[in-house]
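Chain letters run A, B, ... following the sequence lines, proteins first and then strands; every chain starts at 1.
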Amino acid sequence: MTEKIMLIDGNSIVNRAFYGVPLLTNREGQHTNGVYGFLNILFKLMDEEKPDYLAVAFDLHAPTFRHIEFDGYKGTRKGMPDELREQMPLLKEMLQAMNVQIYEMEGFEADDILGTLSAKAEEAGVIPIVVSGDRDLLQLASETVMVRIPKTKGGRTETEDYYAKDVIEKYGVTPLEFIDVKALMGDASDNIPGVPGIGEKTAVKIIQDYHELENAIAHSLEIKPKKASENLTEFQEQARISKFLATIIRDMPISFEKMQTKIGDMFNPKAYDLVKRLELKSMYDRFEKEEVQTAQTEDFLGIYSFETAKIFLENLEKRETAYHFLMDEGKCQGLALYQEEIGGCWLEVGENLSVEQLFQVAETFFGDNNYVKIGHDIKNDIKMLREKLGKTTEISFDTAIAAYILNPTGTSYAYDDLAKTFLNLILPSGEEVMGKGKSKKAFSTLSEEERKGFAVSQAKVFFETKKIMTEQLEKNGQNQLFYEIEMPLIYVLADMEEYGIKVDKNALLEYQKNLEISIEGITKEIFALSGEEFNLNSPKQLGVILFEKLGLKGGKKTKTGYSTAADVLEKLRFEHPMVEKILYYRQLAKLKSTYADGLLAVMDEKTEKIYSTFNQTITATGRISSTEPNLQNIPVRLELGRELRKVFIPESEEYCFLDADYSQIELRVLAHIAGDETLINAFRNDQDIHRLTASQVFHVPFDEVTALQRSNAKAVNFGIVYGIGSFSLSQDLGITRKEAEQYIAAYFAKYPNIKKYLNETIENATKEGYVATLWNRRRAMPELQSNNFIQRSFGERVAMNMPIQGSAADIIKIAMVQVHHALKEGGYRSRLILQVHDELLIETFKEEKEAVAKILKEKMEQAAELSVPLDVDVHEGHSWFEAK
DNA sequence: TCAATCACG
DNA sequence: ACGTACGTGATTGAT
């Protein structure tokens, strides 16, 4: 086995990591985010590569930011901010404590050190892996030397990995030619002048043709754009200097003693003390235990052939079993099973077991209801199994959903997070073991033991966490919520995702086209008024035009400058004709980018349908969310946007839409929970609730309420549901704060039980530490313990709102399960296709229309028995527009 | 990556 | 006095 050495560009990695990490400061007031970010990347790459040797190179004089200016953009690029430079001694201290070899030398950059060390390491028979944030290092890539460039994405670190062939593939030139390209195009941030008039495109073209700078200079007269030809001739000396500057030195006078870089005891007490002093909390575990725990793979059985798999599954005891499909880039790589009595087993797709064969044998397990099945995030499994087996599989427990019910504010319910939360186990994440994306370590490069261990340890975690979760659900009184609402809902959502919704493609294209034309027109008008062109999509540039050039008075509002949000512009509407046009432009731009372009981009070309994902574990209140695309925020309030709903149509002529929505469901829930007689009676008598509130708050007879009074009362009702404040209400209604206070006082005087309920909810939440819905969906409320007024106030509003919004979410979920069930049982050819919080959209077979409408209304209205009736309006149409 | 904006209930 | 309504997701520009 060949040995590996990891060579790290210290400065550029600290810099790169810095941007992916929040600002951390320890008790001594030292910033630690640079150190933290560096260690994060270091450990991640070490886990992946398991190198034998390690060295980190630093620049002795880290440059500060260089100021750059182009296209009206002023900024700073490359180099190291002061705040980060101050951390370098700390990082070096940390590395020394971990016995990591550091290299730095006067007169040489970290690049040169890496270049030299990698050359010497290769001579010594060790394979170098070069790690840097800087693409200049790509010239070191070869058939054996890999250059890894980390990037922080979504809080996680990924790397782009380059061997020589990857450089050629991506840049069209070899690693060595990369130097010549740079000699021609230059690099402002590295003070490499290059040749004027030659940019990246031309430089690559020239080097592809002539391969080397001197050769290009010799043929400079033949080179094509005339400008490039002339300049290369004139500035050839400058190009030679540039090449010299761009070339990394590979023979510095530096000694490389292999053994000095041997990785020793990194996680020693001295290093641990330093980590503690820096308060890098998430690193503690690593220093406490040298190795993270993984499943004990030696106890587990690996199965690699169709015959063995068949025999194994036919003889598998009919007991509670956790399963896990290991997926890589959308492909099933194998199936892990775990039972208490026999431990784990891993069926791996390979030469002697195809995916088809795997599912063929898996049917004995998935098709048999005597196995109590435990899975994780089972909606995808249900869809996959349905595709492969042609029928729906019954799975009794989804550990992701259970974890969400136990704590809906969690950030992730991945298997390693569950292990930590419920089993107190630190396990490597899926990203660490098997990264996603092509630049990461591929599944196929994992050893057999790693593959088996990773898959089985997940199944084991699901099995073990399920035990703990069942106890907690029971203790919390959440069995009904989990087993009767959330688990069955998974199947409903799986169906909705599979059906999708049909789009009238031509109508959508037409809609897009019209927007495009309107946008072009309004843009011209705005530029004519402003006297100059600017990026209309940039609030910053717009702010300058409006508030500086035109002198409108807006004042500062956001962190970064002037606010140009709609409510601000609304107030300036009559100050300048441009304002109204901006508002119109915004409306059009939103419709085009998010909706017209956005929906076309996700439409399936073959079926002309849109398949959204409905997520069941996102919201803090129990609502579901919709992504890629979000079909829960399709425009409806403004006419132009509402038109878009005409493109959502039934699958074929045989179908039409039924749209059913709950009327005032949140206020009804409030009336019920608070037990307020006035409100309850109003709903029982089917009164206009906003009108009633208006008559109460404004002391006018019910029949004499004006339109304005009703609309103001509506805002008050909304405010109550959200946890009202007089300031916000005054902003919303454009009234004084005094008046808003009077409205609220009048409201509470008329609905005393509402006030009582809101107060008691906060009090109780503070005592118990959580709030709950009518079906015992819980949300922990640590904010209420805060000494910070702002945070505590937020907590109070949340405590008031969550039971209302959450109970309404519970109700529609119950209705969805029942409607879905009734349609299936009744053998109807109608299906639920969308849910928008208080609304269900059903695609119904025309002949069943009346029956289905009746089912919809009944099931939705009877989903919950409250002290007020639930009221559902059903509409019919040939598009979502018509049915609303 | 983060902030600003705006679409929905 | 503090800042200022609950819950989401997508797009864009700036850093």
Ranking C/dA14, C/dT11, C/dG9 by distance to the side chain of A/Thr627, first place goes to C/dG9

*asked:* Using OP1 and OP2 only, check whether a side-chain N or O of A/Ser593 sits under 4.0 Å from B/dT5.
replied: no

A/Asn633 vs C/dG9: side-chain N/O to OP1/OP2 distance below 4.0 Å: no

note: A/Ile804, atom CD1; B/dG9, atom P; distance rounded to Å ~ 18 Å

Taking OP1 and OP2 of C/dC2, is either one under 4.0 Å from a side-chain nitrogen or oxygen of A/Ser793?
no

Against the side chain of A/Lys540, the closest entry in C/dG7, B/dT5, C/dA14 is C/dA14

Looking only at side-chain N and O atoms, does A/Ser538 come under 4.0 Å of OP1 or OP2 in C/dA14? yes

inquiry  = What verdict does the salt bridge (Lys or Arg N to Asp or Glu O under 4.0 Å) test give for A/Glu486 and A/Arg777, after you've listed the backbone C-alpha separation in whole Å, the side-chain angles of each residue and the deciding distance to 0.1 Å?
reply    = CA-CA 11 Å; A/Glu486 297 293 341; A/Arg777 186 188 301 280; 2.6 Å; yes

Of the listed C/dA5, C/dG3, B/dG9, the closest approach to the A/Val636 side chain comes from B/dG9

Describe the nucleic acid contact of A/Ala566 in one word from base, sugar-phosphate, nothing, applying a heavy-atom distance below 4.0 Å. sugar-phosphate

Residue set satisfying ring-ring contact (aromatic ring centres under 6.0 Å, His included) with A/Tyr595, at least two apart, ordered chain then number -> none

Atom OH of A/Tyr404 and atom C1' of C/dG7 are separated, to the nearest Å, by 10 Å

Worksheet entry | Check against side-chain contact (heavy atoms from CB on, under 4.5 Å), A/Ile526 and A/Tyr585 | CA-CA 9 Å; A/Ile526 292 170; A/Tyr585 169 85; 3.9 Å; yes

To the nearest angstrom, the CG-C1' distance between A/Leu536 and C/dT11 comes to 15 Å

* Asked: Checking only heavy atoms, does the side chain of A/Asn801 share a donor-acceptor pair with the base of C/dA5 at less than 3.5 Å?
  -> no

A/Arg645 atom CZ is separated from B/dG9 atom P, nearest whole Å, by 6 Å

OP1 or OP2 of B/dG9 versus the side-chain N and O atoms of A/Arg637: is any pair under 4.0 Å?
yes

Taken to the nearest whole Å, CD/A/Gln805 to P/C/dG7 is 7 Å

Applying ring-ring contact (aromatic ring centres under 6.0 Å, His included) to A/Phe547 and not counting sequence neighbours gives A/Tyr562

A/Glu643 atom CD is separated from B/dA7 atom P, nearest whole Å, by 16 Å

Could you tell me whether A/Gly719 contacts a base, only the sugar-phosphate backbone, or nothing, with contacts defined as non-hydrogen atoms closer than 4.0 Å? base

Of the candidates C/dA5, C/dA10, B/dA4, the side chain of A/Thr560 sits closest to B/dA4

Quiz prompt | B/dA4 to C/dT4 separation - P atoms, rounded to the nearest Å | solution = 12 Å

Item to complete: Please work out if A/Ile634 contacts a base, only the sugar-phosphate, or nothing of the nucleic acid, heavy-atom cut-off 4.0 Å.
Response: sugar-phosphate

Under-4.0 Å side-chain N/O to phosphate OP1/OP2 contact, A/Lys592 with C/dT11: no

*For C/dA5, take OP1 and OP2 only and decide whether either is under 4.0 Å from a side-chain N or O of A/Arg797.*
no

Could you check whether A/Ile618 gets within reach of a base, just the sugar-phosphate, or nothing at all, counting any heavy atom under 4.0 Å? sugar-phosphate

inquiry  = Counting only side-chain nitrogens and oxygens, does A/Arg586 get under 4.0 Å of the OP1 or OP2 atom of B/dC6?
reply    = yes

* To do: Give A/Gln541 one of three labels, base, sugar-phosphate or nothing, depending on what nucleic acid heavy atoms sit under 4.0 Å from its own.
  => sugar-phosphate

Checking all strands, does A/Ala715 fall into the base, sugar-phosphate, or nothing category for heavy-atom contacts under 4.0 angstrom? base

Using Watson-Crick geometry (N1-N3 plus N6-O4 or O6-N4) or G-U wobble (N1-O2, O6-N3), each under 3.5 Å, C/dG13 is paired with B/dC2

query: Distance check: side-chain N/O of A/Arg779 vs OP1/OP2 of C/dG7, anything under 4.0 Å?
result: yes

Ignoring hydrogens and angles, state whether a donor on the side chain of A/Thr736 or A/Glu739 is under 3.5 Å from an acceptor on the partner side chain. yes

Among C/dA5, C/dC2, C/dA14, the one nearest any side-chain atom of A/Ile724 is C/dA5

Would you classify A/Asn630 as touching base, sugar-phosphate or nothing, given that sugar-phosphate means primed atoms plus P, OP1 and OP2, and contacts are heavy atoms under 4.0 Å? sugar-phosphate

Testing C/dT4, B/dA4, C/dG7 for proximity to the side chain of A/Pro539, the answer is B/dA4

What I want to check is whether the side chains of A/Thr761 and A/Asn759 have a donor and an acceptor closer together than 3.5 Å. no

